[in-house]
*Asks:* 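Before anything else, here's the structure in question.
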Number of protein chains: 2
Amino acid sequence: MKSFKKELKKYCIYPSYHRIKVIEYLAKHKTHPTVDIIYQELLKEIPTLSKTTVYNTLKLFVEKGIVLVLAIDKNELRYDYNTIPHAHFKCEKCGGIYDIEIPEIESLIRLKDFKVIEFHLYIKGICKKCLTF
Amino acid sequence: MKSFKKELKKYCIYPSYHRIKVIEYLAKHKTHPTVDIIYQELLKEIPTLSKTTVYNTLKLFVEKGIVLVLAIDKNELRYDYNTIPHAHFKCEKCGGIYDIEIPEIESLIRLKDFKVIEFHLYIKGICKKCLTF
DNA sequence: ATTCTTGCAAATCATTTGCACTTTA
DNA sequence: TAAAGTGCAAATGATTTGCAAGAAT
């Protein structure tokens, strides 16, 4: 198993117990969880955990660039530790979010007048599972 | 000038005065305005306008499919009347949102397990204007 | 007359902030 | 002990909702 202590240090993030637990959770559960899901799950292990700490931690992770934030739906942010560029598909029926492989899309778009920092491709629809049932 | 009365009827939307004004504003100002911008601007012409009506109207427009909603940033929704598929670029410095032409991206992505309903491509960075100054 | 639209005020809910307490180097 | 991390409680702010009054056919 990867050393998340070192991983955090690499990003100039002090590796406190809570922070290690959060990044571990994100690395283990690549389900694009919300703050609340992460909080509820970690609460089982850390009964004193506060949601503010989860918010603080994730905000710091996003600022330092170790974690990506997805605004795929307006009313809840989701967090993603996957570093390989990919798109996201959200099923409108079951709410599940899937990773989608993408080719070199950036090179296909005329972006000569812009300096690109972030690239988000969100697709919404119905997943196979929900289509069959 | 286009008849927005007919345009709304085509989408089974009763063309009330307020609704015509909102769709007219979106058609004239393709700047992806927020609810608040639309409200503030229309208030100059319609002093009795309420923000709830703007919310109701835009919600209806999105449901009926005449207008697209952009969740490019978490804390404010933006609305778009442009019907030609395109991507959006947001400048992190000046906050401006630009339309970007896109080629046939959908055909390049493996989506055989999904039924696509919506397709959103958001790019963030710095625009030319902000880079030079 | 009935159905649809409008709009005020209150509610909601994810996220942020102020501040005091605790931990770490 | 100074700096950083944690967490409660309150604040914020965009959006939604309940409901009563007004407008359209």
Side-chain angles (χ1 to χ4, degrees), chain A residues 4-6 8-9 11-25 32-64 66-79 90 95 97, chain B residues 4-6 8-9 11-25 32-64 66-79 90 95 97:
Chain A
F4 291 104
K5 209 161 176 168
K6 276 188 187 170
L8 290 178
K9 278 181 180 167
Y11 283 86
C12 301
I13 297 166
Y14 176 81
S16 74
Y17 179 69
H18 296 80
R19 287 173 182 172
I20 290 169
K21 283 292 179 189
V22 172
I23 197 70
E24 260 179 23
Y25 184 87
H32 322 87
T34 60
V35 166
D36 200 61
I37 291 167
I38 299 166
Y39 169 68
Q40 297 297 341
E41 286 303 309
L42 292 183
L43 198 61
K44 294 172 185 169
E45 289 183 70
I46 317 164
T48 59
L49 183 67
S50 118
K51 201 182 274 188
T52 304
T53 298
V54 182
Y55 272 109
N56 289 338
T57 302
L58 290 168
K59 192 179 184 177
L60 182 70
F61 286 177
V62 171
E63 279 168 11
K64 297 288 187 179
I66 194 174
V67 158
L68 288 178
V69 61
L70 308 184
I72 192 165
D73 262 315
K74 51 176 192 292
N75 55 336
E76 57 180 17
L77 296 180
R78 290 174 173 274
Y79 296 88
K90 170 155 190 180
I97 295 180
Chain B
F4 291 104
K5 208 161 175 170
K6 276 188 188 171
L8 291 179
K9 278 183 181 168
Y11 282 85
C12 300
I13 298 166
Y14 176 80
S16 75
Y17 179 69
H18 296 82
R19 288 173 181 171
I20 291 169
K21 283 293 179 187
V22 171
I23 197 70
E24 260 180 22
Y25 185 86
H32 321 88
T34 61
V35 166
D36 200 60
I37 292 167
I38 299 166
Y39 170 67
Q40 295 299 340
E41 286 303 309
L42 291 183
L43 198 61
K44 295 172 186 169
E45 289 182 71
I46 317 165
T48 60
L49 184 67
S50 122
K51 203 183 270 188
T52 304
T53 298
V54 181
Y55 272 109
N56 289 338
T57 302
L58 290 167
K59 192 178 184 178
L60 182 70
F61 285 178
V62 171
E63 280 168 10
K64 296 289 187 179
I66 193 172
V67 158
L68 289 176
V69 61
L70 308 184
I72 192 164
D73 263 314
K74 50 176 194 292
N75 55 339
E76 55 178 19
L77 296 179
R78 291 175 173 273
Y79 296 87
K90 170 154 189 179
I97 295 180

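Reminder, nothing fancy here: chain letters follow the sequence lines and each chain counts from 1.
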*Asks:* Y55(B) vs K59(B), test: side-chain contact (heavy atoms from CB on, under 4.5 Å). Steps then yes/no.
*Replies:* CA-CA 6 Å; Y55(B) 272 109; K59(B) 192 178 184 178; over 6 Å; no

*Asks:* Given atom CG of D73(B) and atom C1' of dT15(D), what is their separation to the nearest angstrom?
*Replies:*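 One finds 16 Å between C1' of dT15(D) and CG of D73(B), rounded.
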
*Asks:* Measure the spacing between NE2 of H32(A) and CG of L68(A) and express it to the nearest 0.5 Å.
*Replies:*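 Going from NE2 on H32(A) over to CG on L68(A), the span is 9.5 Å.
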
*Asks:* Tell me: CG of L77(B) to C1' of dT15(D), nearest whole Å?
*Replies:*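 About 8 Å, once rounded to whole Å.
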
*Asks:* side-chain contact (heavy atoms from CB on, under 4.5 Å) for Y25(B) and I37(B)? Distances and angles first, verdict last.
*Replies:* CA-CA 10 Å; Y25(B) 185 86; I37(B) 292 167; 3.7 Å; yes

*Asks:* Taking for each residue the nucleotide of DNA chain C with the nearest heavy atom, is it I13(B) or Y39(B) whose nucleotide lies nearer the 5' end?
*Replies:* I13(B)

*Asks:* Under the criterion side chain to side chain contact (heavy atoms under 4.5 Å, CB included), which of L8(A), T53(A), L42(A) is the partner of V22(A)?
*Replies:* L42(A)

*Asks:* Between residues 14-23 of chain A and DNA chain C, which residues have a heavy-atom gap below 4.0 Å?
*Replies:*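 When residues 14-23 of chain A is checked for heavy atoms under 4.0 Å from DNA chain C, the hits, listed by number, are Y14(A).
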
*Asks:* Sequence neighbours excluded, which residues qualify as side chain to side chain contact (heavy atoms under 4.5 Å, CB included) partners of Y79(B)?
*Replies:*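 L26(B), V35(B), L58(B), V62(B), V67(B), V69(B), L77(B).
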
*Asks:* Taking side chain to side chain donor-acceptor pair (under 3.5 Å) as the test, write out the residues that go with E76(A), two or more places apart.
*Replies:* R78(A)

*Asks:* Can you give me the first and the last nucleotide of DNA chain C (5' to 3') that has an atom within less than 4.0 angstrom of a non-hydrogen atom in chain A?
*Replies:* dA14(C) to dA25(C)

*Asks:* What do the steps show when you test H18(A) against N56(A) for side-chain contact (heavy atoms from CB on, under 4.5 Å), and what is the final call?
*Replies:* CA-CA 11 Å; H18(A) 296 80; N56(A) 289 338; over 6 Å; no

*Asks:* With the threshold set at under 4.0 Å for non-hydrogen atoms, list the residues of residues 40-58 of chain A touching DNA chain C in residue-number order.
*Replies:*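 The stretch gives T52(A), Y55(A) as the residues lying under 4.0 Å from the strand, ordered by number.
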
*Asks:* Check whether any side-chain N or O of R19(B) sits under 3.5 Å from a backbone N or O of Y14(B) as a donor-acceptor pair, and report yes or no.
*Replies:* yes

*Asks:* Please report the distance, rounded to the nearest Å, between CD in E76(A) and C1' in dT15(D).
*Replies:*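 After rounding, the gap between these two atoms is 15 Å.
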
*Asks:* Kindly state each residue pair satisfying side chain to side chain donor-acceptor pair (under 3.5 Å) with at least one member in residues 37-49 of chain B, sequence neighbours excluded.
*Replies:* K21(B)-E45(B), E41(B)-K44(B)

*Asks:* Would you indicate whether K5(B), at its atom NZ, is surrounded by more than 12 heavy atoms from other residues, nucleotides or ligands within a distance under 6.0 Å?
*Replies:* no

